[in-house]
Amino acid sequence: MALPLESDLLRSFLIVAETRNVTKAAMKLGRTQSAVSMQVKRLEEIVGRPLFERGPRGVYLTEEGLRLEPHARRIVGLVDETTALMQATPLDGTLRIGIPEEYSQTVLPRALAAFAERHPATEVTVECGYTSQQLQALESGELDLAIIFDWNNDKSGEVLAIDPTVWVASTAHEAHLQRPVPIAVYRRSDWCREFAIRSLERHAIDYRIAFTCETSGALRSAVSAGLGVAPLSRSSIPAGCRELTQEDGFPPVDFSRVLLKRKAYRSRPAVDALAETIKKAFVPLGWA
């Protein structure tokens, strides 16, 4: 009968592969060199083939070691995740978070699902809205956390990502070639006037407002239907659409940062835990 692969052996295997040195691996693991060597030998006995070979500058993975490495990382990662889940202090109560609509169907569902799985007794209420609405709600105590767009270099929030706003057009239509160019914008929006429309005016691009709405989802629908071009976050460009660049004659609208803001007096374990989960969810978005 085949012997099972133990996560402890796989962890030592990964550290040796990372450091390429058994002595350095032993120091990182807090064990003796002989103990780590024995673990590697034991793992090789279970696998039935050598996992490392010696080179002029340390040890290197064999072909079998390279094949094992990604699987070992998944197993050790799952063990660590499960351990953290079981050791986490249960949190309860209610949390209220404000989010931009741009991330309501992408980044944040993953974050909120992960948080709910880890802390099922905590009730999370989500409010979608504009940055100005979120800031007002946060200031009045209606929210515990708010994710906002910042174009004024606000120093009080934690930067989650840089997600520039750009002009977007449908690849199936040529609305951006029309003059005046039809544009889709938010109704009664200071941001649209100060950034989106002004970016066109500064580059002497003749335009007409062809579509107004209250939500970014409606802007995406207008662009996809070819009703006009619209200012959208780069991460939220819908399928079948593309960013209009300087080569198309369109400037970027802004380089706003995505911030996580909270009220200091509302800091408590549940708020901190949700904030950390959200920050991890934004890592793939990165710094565009």
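Quantities reported herein were computed from a predicted structural model and do not represent experimental measurements.
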J.: Same cluster for Met38 and Val16 if Ile/Leu/Val/Met/Phe/Trp/Tyr side chains link at under 4.5 Å?
T.: no
J.: Taking it one step at a time, do Phe250 and Thr245 satisfy side-chain contact (heavy atoms from CB on, under 4.5 Å)?
T.: CA-CA 5 Å; Phe250 284 79; Thr245 66; over 6 Å; no
J.: Do you know which two heavy atoms are closest between Leu232 and Pro238, and how far apart they sit?
T.: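 Answer, listing the atom of Leu232 first, then Pro238: CD1-CD, 3.9 Å.
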J.: Between Trp191 and Phe195, how do the two ring planes meet: parallel, tilted or perpendicular, split at 30° and 60°?
T.: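 Ring orientation, 0 to 90° scale: parallel.
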J.: Any pair with a residue in residues 12-30 that passes salt bridge (Lys or Arg N to Asp or Glu O under 4.0 Å), sequence neighbours left out, goes on the list, sorted by first then second residue, please.
T.: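 Residue pairs passing salt bridge (Lys or Arg N to Asp or Glu O under 4.0 Å), neighbours aside: Glu18-Lys28.
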J.: Is the ring centre of Tyr130 less than 6.0 Å from the ring centre of Tyr186?
T.: yes
J.: Salt bridge check, Lys261 against Asp144: does any charged N sit closer than 4.0 Å to a carboxylate O?
T.: no
J.: Applying a strict under-4.5 Å side-chain criterion to I, L, V, M, F, W and Y, I'd like to know whether Leu200 and Phe255 cluster together.
T.: no
J.: Side-chain heavy atoms under 4.5 angstrom apart, residues restricted to Ile, Leu, Val, Met, Phe, Trp, Tyr: same cluster for Val126 and Val271?
T.: yes
J.: List for me each residue that meets side chain to side chain donor-acceptor pair (under 3.5 Å) alongside Arg49, sequence neighbours excluded, and say none if there are none.
T.: Glu64
J.: Going by the side chain to side chain contact (heavy atoms under 4.5 Å, CB included) test, name the single residue among Ile237, Val229, Leu219, Val253 that passes it with Val168.
T.: Ile237
J.: Is it true that atom CD of Glu201 has more than 12 heavy atoms of other residues, nucleotides or ligands lying nearer than 6.0 Å?
T.: yes
J.: Clusters formed by hydrophobic residues whose side-chain heavy atoms approach within less than 4.5 Å: which one holds Phe211, and what are its other members?
T.: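 In the cluster with Phe211 are Leu227.
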J.: When you compare the side chains of Gln33 and Thr23, does any donor N or O come within less than 3.5 Å of an acceptor on the partner?
T.: yes
J.: Taking Asn21 for its side chain and Gly58 for its backbone only, find out whether a donor-acceptor pair lies under 3.5 Å.
T.: no
J.: Would you give the length of the straight line joining atom OG1 of Thr277 to atom CG of Leu112, rounded to the nearest 0.5 angstrom?
T.: 9.0 Å
J.: Side-chain heavy atoms under 4.5 angstrom apart, residues restricted to Ile, Leu, Val, Met, Phe, Trp, Tyr: same cluster for Val47 and Val40?
T.: yes
J.: Evaluate Glu127 against Leu143 for side-chain contact (heavy atoms from CB on, under 4.5 Å), listing each step before the verdict.
T.: CA-CA 9 Å; Glu127 177 182 321; Leu143 295 176; 4.1 Å; yes
J.: Rounded to the nearest 0.5 Å, how far does CG of Asp190 lie from OG1 of Thr131?
T.: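 Output value for this atom pair is 12.0 Å.
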J.: Would the distance check show the side chain of Gln246 and the main-chain N or O of Pro251 forming a donor-acceptor pair, the cut-off being under 3.5 Å?
T.: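 Not a single qualifying donor-acceptor pair exists.
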J.: With a 4.5 Å limit on heavy-atom distance, are the side chains of Asp206 and Val181 in contact?
T.: no
J.: Aromatic rings Tyr103 and Phe282: how do their planes relate, parallel, tilted or perpendicular, breaks at 30° and 60°?
T.: perpendicular
J.: Do the side chains of Ile147 and Leu108 get nearer than 4.5 Å, heavy atoms only?
T.: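 Leu108 reaches Ile147 side chain to side chain.
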J.: With the side chain counted from C-beta on, respond yes when Asp80 and Arg11 share a heavy-atom pair under 4.5 Å apart, and no when they do not.
T.: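 Result yes, sub-4.5 Å side-chain heavy-atom pair found.
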J.: Of the non-hydrogen atoms in Gln134 and Ala146, which two are nearest, and what is the gap between them?
T.: CB-CB, 4.1 Å
J.: Please walk me through it: do Leu145 and Leu274 pass side-chain contact (heavy atoms from CB on, under 4.5 Å)?
T.: CA-CA 9 Å; Leu145 293 167; Leu274 180 56; 3.9 Å; yes
J.: Is it true that a side-chain atom of Arg220 and a backbone atom of Ala230 form a donor plus acceptor pair closer than 3.5 Å?
T.: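 No, because the side chain of Arg220 does not come within donor-acceptor range (under 3.5 Å) of the backbone of Ala230.
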J.: When you compare the side chain of Cys241 with that of Ser224, does any pair of heavy atoms fall below 4.5 Å?
T.: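 Heavy-atom side-chain distance check passes, below 4.5 Å.
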J.: Are the side chain of Ser104 and the backbone of Pro100 linked by a donor-acceptor contact shorter than 3.5 Å?
T.: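 Judged by distance alone, no pair lies under 3.5 Å.
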J.: Is there side-chain contact between Thr125 and Ile97, with at least one heavy-atom pair below 4.5 Å?
T.: no
J.: Does the pair Arg42/Glu6 count as a salt bridge with the N-to-O cut at 4.0 Å?
T.: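 Glu6 and Arg42: not salt-bridged.
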J.: Do we see a donor-acceptor contact under 3.5 Å between the side chains of Asp254 and Thr165?
T.: yes
J.: Verify the distance criterion only: is there a donor paired with an acceptor across the side chains of Ser216 and Glu101 at less than 3.5 Å?
T.: yes
J.: Check whether Arg67 reaches the backbone of Glu63 with its side chain - one donor and one acceptor, N or O, closer than 3.5 Å.
T.: no
J.: Salt bridge (Lys or Arg N to Asp or Glu O under 4.0 Å): which pairs involve residues 171-187, sequence neighbours left out?
T.: Arg187-Glu214
J.: Distance-only, no hydrogens or angles: does the Ser233 side chain make a donor-acceptor pair with backbone N or O of Ser236 under 3.5 Å?
T.: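 Judged by distance alone, no pair lies under 3.5 Å.
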J.: Looking at Glu69 and Arg73, is there a salt bridge between them, counting it only when a charged N and a carboxylate O are closer than 4.0 Å?
T.: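 Salt bridge present between Arg73 and Glu69.
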J.: Going by an N to O cut-off under 4.0 Å, is there a salt bridge joining Lys279 and Glu276?
T.: yes
J.: Between Val185 and Pro231, which heavy-atom pair has the shortest distance, and what is it?
T.: CG1-CD, 4.5 Å
J.: What about Leu244 and Ile209, same hydrophobic cluster or not, with Ile/Leu/Val/Met/Phe/Trp/Tyr joined at side-chain heavy-atom distances under 4.5 Å?
T.: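 Per the 4.5 Å side-chain linkage, Leu244 and Ile209 are co-clustered.
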J.: With side chain to side chain contact (heavy atoms under 4.5 Å, CB included) as the test, pick out the partner of Val76 among Ile15, Asp8, Leu10.
T.: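 Testing Val76 for a side chain to side chain contact (heavy atoms under 4.5 Å, CB included) against Ile15, Asp8, Leu10 leaves exactly one candidate, Leu10.
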J.: Give, for atom SG of Cys192 and atom CZ of Arg198, the distance between the pair rounded to the nearest 0.5 Å.
T.: 12.5 Å
J.: Could you state the interatomic distance from OG (Ser37) to CZ (Phe52), rounded to the nearest 0.5 Å?
T.: 10.5 Å
J.: Which atoms form the tightest heavy-atom contact between Ala275 and Leu260, and what is the distance?
T.: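 Closest approach of Ala275 to Leu260: CB-CD2, 3.8 Å.
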J.: With side chains defined as the heavy atoms from C-beta onward, is the minimum distance between Ile183 and Trp167 less than 4.5 Å?
T.: yes
J.: What pairs of residues pass the salt bridge (Lys or Arg N to Asp or Glu O under 4.0 Å) test when at least one of them lies in residues 238-249, not counting sequence neighbours?
T.: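 Checked against salt bridge (Lys or Arg N to Asp or Glu O under 4.0 Å) - neighbours excluded - the pairs reaching residues 238-249 are Arg234-Glu243, Arg242-Asp248.
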J.: Are any of the side-chain heavy atoms of Leu68 and Leu66 separated by less than 4.5 Å?
T.: no
J.: What distance do Tyr207 atom OH and Ile197 atom CD1 have between them, rounded to the nearest 0.5 Å?
T.: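 The CD1 atom of Ile197 is 4.5 Å from OH of Tyr207, to the nearest 0.5 Å.
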J.: Nearest 0.5 angstrom please: Leu259 CG to Arg257 CZ, how far?
T.: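 One finds 5.0 Å between CG of Leu259 and CZ of Arg257.
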J.: Backbone N or O of Ala169 within a donor-acceptor pair of the His173 side chain at under 3.5 Å?
T.: no
J.: Determine whether Gln136 and Glu142 make a side-chain contact, defined as any pair of heavy atoms from C-beta on separated by less than 4.5 Å.
T.: no
J.: Would you confirm whether Ser12, through its side chain, and Leu9, through its main-chain N or O, come within 3.5 Å as a donor-acceptor pair?
T.: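 No: the side chain of Ser12 does not pair with the backbone of Leu9.
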J.: Which other residues end up in the same hydrophobic cluster as Tyr60, if Ile, Leu, Val, Met, Phe, Trp and Tyr are linked when side-chain heavy atoms come under 4.5 Å apart?
T.: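 Listed partners: none, Tyr60 stands alone.
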J.: What's the shortest heavy-atom distance between Ser235 and Asp163, and which atoms?
T.: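 Answer, listing the atom of Ser235 first, then Asp163: OG-OD2, 2.5 Å.
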J.: Between Gln39 and Arg31, do the side chains contain an N or O donor and an N or O acceptor separated by less than 3.5 Å?
T.: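 Yes.
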